[in-house]
Amino acid sequence: MKLRFYLLDVSYEIHSGIPVILLWAIAEDDRRVLVLDRGFRPYFYAVLSEDAGEQEIVSRTKLLSRGDSPIIGVEITTRKYYGRPVRVAKITTVKPEAVREYREAVKKVKGVVDVLEADIRFSMRYILDNDVTPCQWYEAEVEPIEGVTGYRVSSVYSLVSKPRPLDRAIPPKLRILALDIEVYNPRGATDPSRDPIITVSLANSEGEVKMLTASDGPVPQDREILKEFVNYVLAYDPDVVVGYNSNRYDIPYLVERANKLGVVLDIGRVRGGIPRPSVHGHYSIPGRLHVDLYNFAEEIPEVKIKSLDVVAEYLGVMKRVERVLIPGHEIYRYWDDRSRRKILLDYARDDVVSTLRLSEKFLPFAMQLSSLTGLPLDQVGAASVGYRLEWYLMRAATKMGELIPNRVEREYEPYKGAIVLEPKKGVHESVAVLDFTSMYPNIMIKYNIGPDTFVEEECSNCYVIPGLGYSFRKDPPGFYKSVLETLLRLRKAVREEMKKYPVDSPEYRVLDERQRALKILANASYGYMGWVGARWYFRQGAEAVTALGRETIKRAVELAESLGLEVIYGDTDSLFVSNKPEIQKFVEEVMRFLELEIKVDKVYRRVFFTEAKKRYVGLTEDGRVDIVGFEAVRGDWSEIAKEVQENVARVVLETGGISKAVEYVKSVVQELRRLKVSIEKLVIWKTLTKSLDEYEVSAPHVTAAKRMISAGFKVEKGDKVGYVVTKGAGPISSRAVPYFMARPEDIDVDYYVKHQVIPAALRILEYFGVSEKQLEVASRAGKTLFDFRST
DNA sequence: AACCAGGCTTC
DNA sequence: GACGTGCCTGGTT
């Protein structure tokens, strides 16, 4: 019979010594089904030397066969490796684990120069070879299998024909379950062997919210809610389980807590399927897709603090003022004080509802990324940008008959990057910002850059890279060029397709997420090539790309100037030029002479530069103030300093003068000296980029973090530490205190005046001749931030 | 003055 | 569970 299904995930099991591929899917009629493929076997390649005696290698390799996973095939064939044909032996066995052992033995066989593709997980091997990717519709010939137990699905089928992709964009309606736990934390950091769970909050995509709350006792009694949780999951049977930071917190905590209390956390679609640690720091739930939405929040640079409430507000999912917020370290108090328990539950409810709504924002993109890269939906978020692209490349290589290079440890070698032009300082009127579109991918295409096109000897039909002398042959197209052309062509096609649908239609949304995913993959290609951990690492290639980028910008500057356009600034692939009619001609000439596309991205009514690179403020045509690079947009400056700088920038851009700005800064300094500024505006946030004991210097945020630890809080690598500077003698680090542990009267106001507010303001005002003294002198009293804003 | 650390930039 | 380099700044040593 024919089955049409939407593929959710691919996994494998060993049944009576034989590997079976499990295709977890939703059938067209909405049943959750499992399709088994018993015909797939693990294999790897041995690359043969040119003079190898092929038949001898076959027989020697066969002799290595042993045990319950014999070598069942040694096939001599031809593949391409970095574009060149090579003879290989494809060695097939039975059990995926056996590949590792045979790999070592085969390496030693005479005539074998290399062993390839022996480090690819079996389920991914299936995805690569059969060109099936999760999050797509397929059609296949199947046969129902009766009497299969152990799987929580409507039907189990056996695959008869290879799945064929269907041209359907819209996924079926997934059952999504959001989960969030609150833990009793009187000692700050929580420990599953000690601290009970207060509530497991659940919200599903059918609109149901369920709060499983511990029963009363000296501490919360949570054994029953763990059982209820298991029952709930099994009854609702979600396809996707989402959480926020659930890879690092909720899921492992539930698992360990259940372990401790003797509850079996059997929540998978496989009977006995307990969540377990998987790749990329991800926790997997067998047969379901566990997606940690925090991974996607991490990719929003505009949001500095990635707490759930802030991210939910940023994405318009839940306003912070309309929800209950509790400081994390006080949760246990809301349990201890019975009258406040309801507040805690409301807080937990708001969290889990936000999480569910966030999934609506993130999952459509994640699904497109999954279907393009082949990484299952539950792993694609946890995988870094480099791995995502690498999976796409591995799929492309397999389709092209190209062997996948091994992951090897290499020494890091730095190389020169992009060029940043010296800005012309001062205020400029009417400036256009032009960007080369996808500059690096297009350079890689134009010059056919890659490891397989690199030519070391004398070469007549090559591109020679200025300044480096590297040569890349013009044809045939290399691996990167072919892949990038496909990516860009696909993206163009998707964008064309989008035009057929109304902007608010589901089709439009799906296609829009798809073109975004394609763009992200294309843009990652240069950085990937220069990454030492990449399978297709090629330093000379990355070096050539940046060299050509610098050359391109320089030539564009010459073109602009020859047309009478003043170039004010430029960085990597952008140019700031006077906004004049000649721009049209400039764009055409860049296209004609440089064969790359450049476009006007935006126009500033006014833009202001100091002598610093990578820093400017601009007034857009619709009256917004763009701040780039300055303290105002950085996460490691206090709110008060950022606010002052932003307002100063606005006044300077809007009025062209500074007198009002100076008055305003003075007023803020006075407010500060009188301690009329709330402590929240004084917090300085910094990230711990390594674990505390690895620091060799006593930076302020490090000492603040140590103070948190002694107070019983958990602070780890990657956490953001918020501190304030308090009064006293000695270096700042000795006076940095976690913001929630400081009293207002302890604040070192002078520090905030001299090292935050005034430097931030001067960064802009200094150019106009304002000095520190002018801002410090006490002026007429009473002018506040509020007064300023209302004028 | 040299260093370490962190953050933003190109997108 | 590492995509790149360039630039700027503060704080410590």
Side-chain angles (χ1 to χ4, degrees), chain A residues 247-248 277-283 295 299 301-302 304 379 381-390 393 407 409-410 412-423 433 435-441 516 519-539 541-543 545-547 549-550 553 570-574 601 610-616 627-637 684-690 694-703 717-718 720-721 725 730-736 751 754-756 759-760 763:
Chain A
N247 275 330
R248 279 179 61 186
S278 150
V279 285
H280 309 291
H282 165 253
Y283 254 83
N295 292 139
E299 292 170 18
E302 293 89 336
K304 306 294 175 216
Q379 288 173 32
S384 67
V385 176
Y387 286 109
R388 291 176 189 171
L389 177 62
E390 187 151 87
L393 295 178
R407 196 173 282 295
E409 277 210 35
R410 296 189 181 87
Y412 166 72
E413 282 181 80
Y415 61 91
K416 249 180 108 175
I419 192 171
V420 187
L421 305 183
E422 210 66 54
V433 183
D435 282 330
F436 280 94
T437 41
S438 302
M439 185 199 239
Y440 283 174
R516 248 183 79 212
K519 181 182 177 179
I520 282 171
L521 289 173
N523 283 340
S525 55
Y526 148 73
Y528 172 86
M529 188 165 62
W531 169 41
V532 277
R535 288 179 190 266
W536 279 276
Y537 171 68
F538 190 54
R539 198 208 76 241
E543 211 179 345
V545 173
T546 56
R550 294 191 298 268
I553 277 282
D571 183 352
T572 311
D573 64 351
S574 71
D601 178 45
T610 67
E611 58 284 316
K613 294 175 174 182
K614 295 198 181 271
R615 300 192 156 196
Y616 56 88
I627 305 185
V628 176
F630 280 110
E631 288 75 5
V633 293
R634 300 173 63 99
D636 57 346
W637 280 70
I684 297 164
W685 292 92
K686 271 196 200 294
T687 315
L688 289 174
T689 54
K690 44 192 177 187
E694 285 175 77
Y695 279 94
E696 284 168 23
V697 294
S698 45
H701 70 300
V702 178
T703 51
K717 178 176 166 179
K720 275 202 167 29
V721 179
V725 176
I732 289 159
S733 54
S734 71
R735 297 185 275 126
Y751 170 83
K754 290 213 171 82
H755 291 100
Q756 290 279 321
R763 207 76 72 203

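Since we're looking at a predicted model, the values are computed, not measured. Throughout, protein chains are lettered first and strands after them, A, B, ... in sequence-line order, and every chain is numbered starting at 1. In what follows, every heavy atom counts, from backbone to side chain, and hydrogens, waters and symmetry copies are set aside.
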Exercise. Reckon A/S733 has a side-chain N or O less than 4.0 Å from the OP1 or OP2 of C/dG11?
Worked result: no

Exercise. Is there a side-chain polar atom (N or O) of A/T572 under 4.0 Å from OP1 or OP2 of C/dG6?
Worked result: no

Exercise. Ion pair present between A/D571 and A/K613, side-chain N to carboxylate O less than 4.0 angstrom?
Worked result: no

Exercise. Counting just side-chain N and O atoms, does A/K690 come under 4.0 Å of either OP1 or OP2 of B/dA5?
Worked result: yes

For this session: Would you mind classifying the nucleic acid contact of A/G635 as base, sugar-phosphate or nothing, using non-hydrogen atoms under 4.0 angstrom?
Result: sugar-phosphate

Exercise. Is the distance from OP1 or OP2 of C/dG11 to the nearest side-chain N or O of A/Y695 less than 4.0 Å?
Worked result: no

Exercise. Touch check for A/W637, heavy atoms < 4.0 angstrom, all strands: base, sugar-phosphate only, or nothing?
Worked result: sugar-phosphate

For this session: Rounded off to whole Å, could you give me the CD-to-P distance for the A/E694 and B/dA5 pair?
Result: 10 Å

Exercise. Can you tell me if the side-chain N/O atoms of A/Y412 get under 4.0 Å from OP1 or OP2 in C/dT5?
Worked result: yes

Exercise. When all nucleic acid strands are considered with a 4.0 Å heavy-atom cut-off, which category describes A/V702: base, sugar-phosphate, or nothing?
Worked result: nothing

Problem set entry | A/F630 CZ - C/dC8 P separation (whole Å) | 11 Å

Exercise. What nucleic acid atoms does A/Y751 come within less than 4.0 Å of, heavy atoms only: base, sugar-phosphate, or nothing?
Worked result: sugar-phosphate

For this session: Using whole Å, report how far NZ of A/K614 lies from C1' of C/dT9.
Result: 15 Å

Exercise. Base, sugar-phosphate, or nothing for A/V545, non-hydrogen atoms under 4.0 angstrom?
Worked result: nothing

Problem set entry | salt_bridge(A/E299, A/R388) N-O dist < 4.0 Å | yes

Exercise. In whole angstrom, what separates A/D636's CG from C/dG11's P?
Worked result: 10 Å

Exercise. Base, sugar-phosphate, or nothing for A/G527, non-hydrogen atoms under 4.0 angstrom?
Worked result: base

Exercise. Roughly how many Å is it from CZ in A/R550 to P in B/dT9, rounded to a whole number?
Worked result: 22 Å

For this session: Please state whether the rings of A/H755 and A/Y751 are parallel, tilted or perpendicular, taking 30° and 60° as the class boundaries.
Result: parallel

For this session: Verify the neighbour count for atom NZ of A/K690: are there more than 12 heavy atoms of other residues, nucleotides or ligands below 6.0 Å?
Result: yes

Exercise. How is A/G417 classified with respect to the nucleic acid when contacts are heavy atoms under 4.0 Å: base, sugar-phosphate, or nothing?
Worked result: sugar-phosphate

Exercise. Between C/dG10 and A/R763, is there an OP1 or OP2 to side-chain N/O distance shorter than 4.0 Å?
Worked result: yes

Exercise. Is a donor on one side and an acceptor on the other found under 3.5 Å between the side chain of A/R735 and the backbone of A/G730?
Worked result: yes

Seminar exercise, completed: To the nearest angstrom, the NE2-P distance between A/H755 and C/dG10 comes to 8 Å

Problem set entry | Euclidean distance, atom CG of residue A/D571 to atom P of C/dG4 [Å, nearest integer] | 18 Å

Problem set entry | Given DNA chain C, 5'-ward residue of the pair A/P759 and A/K613, judged by closest heavy atom | A/K613

Exercise. With a non-hydrogen cut-off below 4.0 angstrom, is A/A418 in contact with a base, only sugar-phosphate, or nothing?
Worked result: sugar-phosphate

For this session: Look at all strands and tell whether A/H701 reaches a base, only sugar-phosphate, or nothing, counting heavy atoms closer than 4.0 Å.
Result: sugar-phosphate

Exercise. Between C/dT13 and A/S698, is there an OP1 or OP2 to side-chain N/O distance shorter than 4.0 Å?
Worked result: yes

Problem set entry | Integer-rounded Å distance: C/dG11 C1' and A/K754 NZ | 17 Å

For this session: Report which part of the nucleic acid A/R615 touches: base, sugar-phosphate, or nothing (heavy-atom distance under 4.0 Å, all strands).
Result: sugar-phosphate

